[in-house]
There are 2 protein chains.
Amino acid sequence: MARAGLTPDRITLAAADLADEIGFDKVTLSALARGFGVKDASLYSHIKNLADLRTRVAALAGREVHERLAAAVAGRAGKDALTAFANTYRDFAQEHPGRYAATQIQIQLDASAFDTPEIRRAIETPYAMLRAYGLSEPDLTDAVRLLRATFHGYFQLEATGGFNHPRDTTASWNRTIDALHSLLENWPHS
Amino acid sequence: MARAGLTPDRITLAAADLADEIGFDKVTLSALARGFGVKDASLYSHIKNLADLRTRVAALAGREVHERLAAAVAGRAGKDALTAFANTYRDFAQEHPGRYAATQIQIQLDASAFDTPEIRRAIETPYAMLRAYGLSEPDLTDAVRLLRATFHGYFQLEATGGFNHPRDTTASWNRTIDALHSLLENWPHS
DNA sequence: GCATTTGCCTAGGACCACTAGGCAAAGTTA
DNA sequence: TAACTTTGCCTAGTGGTCCTAGGCAAATGC
């Protein structure tokens with residue numbers, strides 16, 4: 001019988017696309033196999049198990065979002081950079097909810113696995129942006145955490161319908177960026 | 001054969017406790033039934049299905065967290081109230097990760113179900129706190145959203161190990177509260 | 001053209017959510 | 001107390017999920 005031409009990358013990509021459609025946690029190996037016209041057991045020649053697949057999707061999504069963010073802030077600084085970063089991030093989360101959810105999973109790896117040049121670069125983008133605001137350690141790390149928390153929390157609440165007040169969420173979003181900008185400019189140094 | 005004395009409330013409570021132990025999304029009806037020394041089919045006399053149970057746990061957790069928050073901010077205002085609110089909320093999320101996760105699920109109810117006095121009161125607590133900062137609509141709603149997003153994002157990132165920088169997360173947390181306070185005091189009015 | 005590797009298969013186990021129908025314990029009424 | 005009703009937990013069974021073991025044929029290397 002003809003082969004389907006599966007590879008870890010093709011499976012990961014299909015899983016990411018399916019996650020964007022139906023939700024990251026609803027992606028099953030069975031459904032994925034059906035999409036390829038293949039039995040679910042066949043996938044195990046290419047991926048270790050479901051957790052492995054999820055980790056791969058998370059890595060893929062992480063690369064994609066980092067590429068976009070790096071491109072968005074390139075050559076910008078201050079509020080310009082912050083706005084570009086924030087809006088690019090939010091667009092990604094809205095256009096690719098499954099991929100975005102994947103980036104939030106707890107990756108079960110030993111600490112050394114986090115020390116790749118790729119992850120290093122991904123972490124560097126927001127740090128560089130905030131350094132341009134004149135922040136230095138430990139304020140820098142605190143501010144990065146505040147930014148990440150605020151963005152992530154906002155996307156999550158938007159995605160799960162947590163904002164049911166009639167006010168437009170995009171208007172609130174723009175005000176949030178304004179607020180964060182003025183906060184970063186007037187950061188209460190320790 | 002003797003009866004186990006199950007009720008919807010006892011099942012919900014057990015589910016919430018189990019969620020705190022093993023994680024909200026890992027709670028299964030089978031495991032819950034085993035805990036009661038009962039077959040899983042028996043639970044269906046008391047709850048409709050898994051989604052129903054999750055909704056009940058979410059409601060329970062929501063009541064609990066609101067009680068604590070309301071008690072924490074009672075009689076306080078300004079930074080005092082903000083700090084009490086933030087720390088109480090964070091403590092709850094850390095002590096009861098399963099219950100906290102439950103409060104974040106997308107509740108599938110028609111809009112009218114959201115209009116109970118209980119939910120109204122729960123929403124009112126942060127609004128009242130921010131009104132004391134001199135904010136009024138629409139800034140008020142924007143600020144509430146910013147607070148919720150920041151808190152939720154922070155808890156989530158802390159819980160999933162998103163902060164792997166060596167700096168102590170509690171130190172960053174205290175700085176975050178400082179930063180939010182100064183932001184609220186100097187809110188860029190529209 | 002033959003041997004090796006590799007990709008997808010069938011078969012099957014364990015766990016899960018959920019339904020249908022049965023029986024006995026608890027509650028109700030006289 | 002005795003009969004009737006309600007209700008709580010049961011067994012049995014379906015279909016979905018993840019995952020393993022072992023087989024066979026297609027692709028690859030010599």
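Naming: A, B, ... by sequence-line order, numbering from 1 per chain.
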Sequence neighbours left out, what passes ring-ring contact (aromatic ring centres under 6.0 Å, His included) with B:Phe155? Give chain and number order.
B:Tyr89, B:Tyr100, B:Trp173
The side chain to side chain donor-acceptor pair (under 3.5 Å) partners of A:Asp20 (sequence neighbours excluded) come to A:His96, A:Arg99
DNA chain C contacts among residues 9-26 of chain A, heavy-atom distance under 4.0 Å
none
How is B:Ala4 classified with respect to the nucleic acid when contacts are heavy atoms under 4.0 Å: base, sugar-phosphate, or nothing?
sugar-phosphate
Rounded to whole angstroms, how far apart are NZ on A:Lys39 and P on D:dC18?
15 Å
Any side-chain hydrogen bond (donor to acceptor under 3.5 Å, both in side chains) involving residues 128-138 of chain B? Give me the pairs, sequence neighbours left out, ordered by first then second residue.
B:Glu124-B:Arg131, B:Tyr133-B:His181, B:Glu137-B:Thr141
Separation of C:dA17 atom C1' from B:Asp52 atom CG, nearest Å, is 14 Å
Whole-Å distance between C:dA26 P and B:Leu6 CG?
14 Å
Show me the pairs that pass side-chain hydrogen bond (donor to acceptor under 3.5 Å, both in side chains) and involve residues 37-49 of chain B, at least two apart or across chains.
none
Atom-pair distance (CG on A:Leu43; P on C:dT6), nearest Å:
18 Å
Pair A:Thr88, A:Arg68: side-chain N/O donor-acceptor within cut-off below 3.5 Å:
no
Interatomic distance where CD1 belongs to B:Ile47 and C1' belongs to C:dA17 [whole Å]:
10 Å
Identify the pairs formed between an N or O of the protein and an N or O of nucleotides 12-16 of chain C at a distance under 3.5 Å, and give each distance.
| unit_1 | atom_1 | unit_2 | atom_2 | d |
| --- | --- | --- | --- | --- |
| C:dC16 | OP2 | B:Arg34 | NH1 | 3.3 |

Could I get the full list of side chain to side chain donor-acceptor pair (under 3.5 Å) partners for B:Arg90, not counting sequence neighbours?
B:Glu158, B:Thr170
Separation of D:dC10 atom P from B:Tyr44 atom OH, nearest Å, is 14 Å
Do you reckon A:Phe151 sits in the same ILVMFWY cluster as A:Ile123, going by side-chain contacts under 4.5 Å, direct or chained?
yes
Starting from P on D:dC19, measure out to NZ on A:Lys48 and report it in whole angstrom.
10 Å
Taking 4.0 Å as the cut-off, does a side-chain nitrogen or oxygen of B:Ser45 come that near to OP1 or OP2 on D:dC9?
no
Which residues share a ring-ring contact (aromatic ring centres under 6.0 Å, His included) with B:Phe24, sequence neighbours left out
none
Show me the pairs that pass ring pair (Phe, Tyr, Trp, His ring centres under 6.0 Å) and involve residues 47-81 of chain B, at least two apart or across chains.
none
Check whether any side-chain N or O of A:His46 sits under 4.0 Å from OP1 or OP2 of C:dC8, and answer yes or no.
yes
